[in-house]
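A short write-up of the structure that comes next.
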Amino acid sequence: MNTSDLINRVPASATISMAQKARDYKAKGLDVISLTLGEPDFDTPEFIKTAAKKALDDGFTKYTPISGLVSFREAIVNKFKRDNNLDFTADQIVVSTGAKQTLANIVLCTTNKDDEVLLPAPYWVSYEGIAIMAGAKVVKVKTEIDNDFKISPEELSANLTEKTRLMIFSSPCNPTGSLYSKEELYALAEVIKEYPNLLVISDEIYEHINFTGEKHFSIGSIQSVKDQIVTVNGMAKGFAMTGWRIGYMGAPLWLAKACNKLQGQFTSGANAAAQKASEIALNAPLDESYKMRDSFLKRRGLFLELLGKIDGLKLNVPEGAFYVFPDVSAFFGKSFNEYKITCPTDIVNYLLDTVYVATVGGESFGDDNCVRLSYAASEEQLIDAAGRIKEALDKLV
Ligand SMILES: Cc1ncc(COP(=O)(O)O)c(C=O)c1O
């Protein structure tokens with residue numbers, strides 16, 4: 001039996017397949033350090049787990065409204081106001097089974113075949129997969145490490161057409177850790193407002209992992225474009241709740257209604273107890289999130305210092321999230337034994353096979369020069385990994 005055209009055109013997630021390869025190596029007894037996954041290595045804060053247990057005891061075991069529990073959506077409305085200066089009503093919020101579902105809902109509800117979806121590259125892998133699934137045409141706009149992988153207003157303007165329906169970006173960014181400043185977002189908004197048919201998905205799931213010392217700024221709070229922005233967020237990264245599968249968005253009402261309709265046919269409301277626990281998390285002070293952020297900041301410093309000692313790696317300083325995205329193109333054309341390096345994935349395979357460090361090639365994020373390393377790992381692992389990477393890369397001639 002054949003699979004559908006839709007599934008045939010969707011690429012498999014490279015991060016998930018690399019993580020699987022690392023697990024296979026581990027299962028063979030090899031001492032693998034995996035720097036592949038976008039997942040905090042902390043456990044969910046205790047008070048959130050307690051809230052989930054209580055939610056079960058209180059009977060949150062049934063279907064919820066498709067868009068989410070009213071009390072949770074109200075907590076999200078308050079969170080958007082408090083943290084992001086965004087004004088929504090509860091009917092503009094849709095809660096989903098992870099931000100990934102939120103993104104899929106939006107893309108499927110807004111794009112028609114051959115509509116253009118603009119992705120500043122590098123971008124998070126699933127943006128491309130979801131857009132392809134929707135039948136849209138992906139337009140990748142390459143950004144440069146020397147500009148901290150950020151798209152300029154001129155580059156944006158040069159790549160928008162009357163057919164551009166969506167632009168999707170994350171700030172802080174997966175895979176680069178880059179973060180757009182308020183001024184940079186204002187400058188982009190000046191371009192966006194010239195294209196009233198353009199909807200921008202601002203993925204802010206790494207909002208709480210921000211090292212700048214400045215409050216996170218949401219592009220949706222800029223009045224001139226606010227009706228063109230849908231703000232996506234979720235519990236996974238800032239609250240160490242990846243497995244709970246709760247994401248959400250604040251959107252123009254027409255889009256919230258459409259996503260509600262779509263989700264009603266696919267999955268219905270997200271997990272009830274997880275919603276209730278997330279509500280408690282959003283209503284609480286952010287102390288636990290800040291503790292995790294501080295720990296990531298310390299690791300970033302350590303990892304950058306160690307990677308900085310490796311000749312040939314070009315690094316910038318990521319301002320958020322928990323990834324570094326070094327340019328490895330200086331190694332292209334070099335080799336060691338049977339390993340010939342011509343692209344990031346060659347480096348990834350070389351590192352995994354020879355020193356058992358698992359990373360992800362930039363290609364799947366739309367970048368042909370870099371490799372993504374997640375530093376959501378212990379300091380001991382980071383020290384060990386950086387030593388192994390240096391040992392391997394120093395052998396390439
Ligand atoms: C930029 C970005 N957006 C969205 C997601 C998906 O988050 P969730 O686990 O809530 O589906 C991820 C997860 O890696 C991500 O990195």
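Atoms within a ligand are numbered from 1 in the order they appear, just like the ligands themselves.
Between V371 and V324 the shortest side-chain heavy-atom distance does not fall below 4.5 Å. The shortest side-chain heavy-atom distance between I389 and I310 falls under the 4.5 Å cut-off. Taking 4.5 Å as the limit, some side-chain heavy atom of I246 sits within range of a side-chain heavy atom of Q275.
For an aromatic pair to be called close, the ring centres must be under 6.0 Å apart, and F169 with F149 fails this. In summary, the aromatic rings of F88 and Y248 are positioned with their centroids too far apart to meet the 6.0 Å limit. Separation of the Y206 and F322 ring centroids falls under the 6.0 Å cut-off.
Every N/O-N/O distance between Q101 and ligand 1 stays at or above 3.5 Å. Taking only nitrogen or oxygen atoms, main chain and side chain alike, S170 does not reach within less than 3.5 Å of ligand 1. Looking at Y127 next to ligand 1, no N or O pair under 3.5 Å apart turns up. Of the polar atoms of K100, at least one N or O is found under 3.5 Å from an N or O of ligand 1, judged by distance alone. Residue N174 has at least one nitrogen or oxygen atom sitting less than 3.5 Å from a nitrogen or oxygen atom of ligand 1, judged on distance alone.
Regarding atom 5 (C) of ligand 1, its nearest protein heavy-atom neighbour is W124 CH2, 3.3 Å. For atom 7 (O) of ligand 1, the closest non-hydrogen atom on the protein side is I205 CD1, 3.4 Å. Among all non-hydrogen protein atoms, the one lying nearest atom 2 (C) of ligand 1 is D203 OD2, 3.4 Å. Nearest protein heavy-atom contact of atom 9 (O) of ligand 1 is R245 NH1, 2.8 Å.
Heavy-atom contacts of A236 reach the following atoms of ligand 1: 9 (O), 10 (O) (cutoff under 4.0 Å).
Using 4.0 Å as the threshold, G98 has a heavy atom nearer than that to some atom of ligand 1.
Here K237 has side-chain heavy atoms under 4.0 Å from ligand 1, and that is the only part of it that gets that close. Residue contacts with ligand 1 for A99 involve both N, CA, C or O and side-chain atoms from C-beta outward (heavy atoms, distance under 4.0 Å).
Of all the heavy atoms in K193 and Q228, the pair that sits closest is CA-OE1, 3.6 Å.
If you run side-chain hydrogen bond (donor to acceptor under 3.5 Å, both in side chains) between R372 and each of N174, T359, D367, only N174 comes through.
Between the side chains of E204 and S171, no donor-acceptor pair is found at a separation under 3.5 Å.
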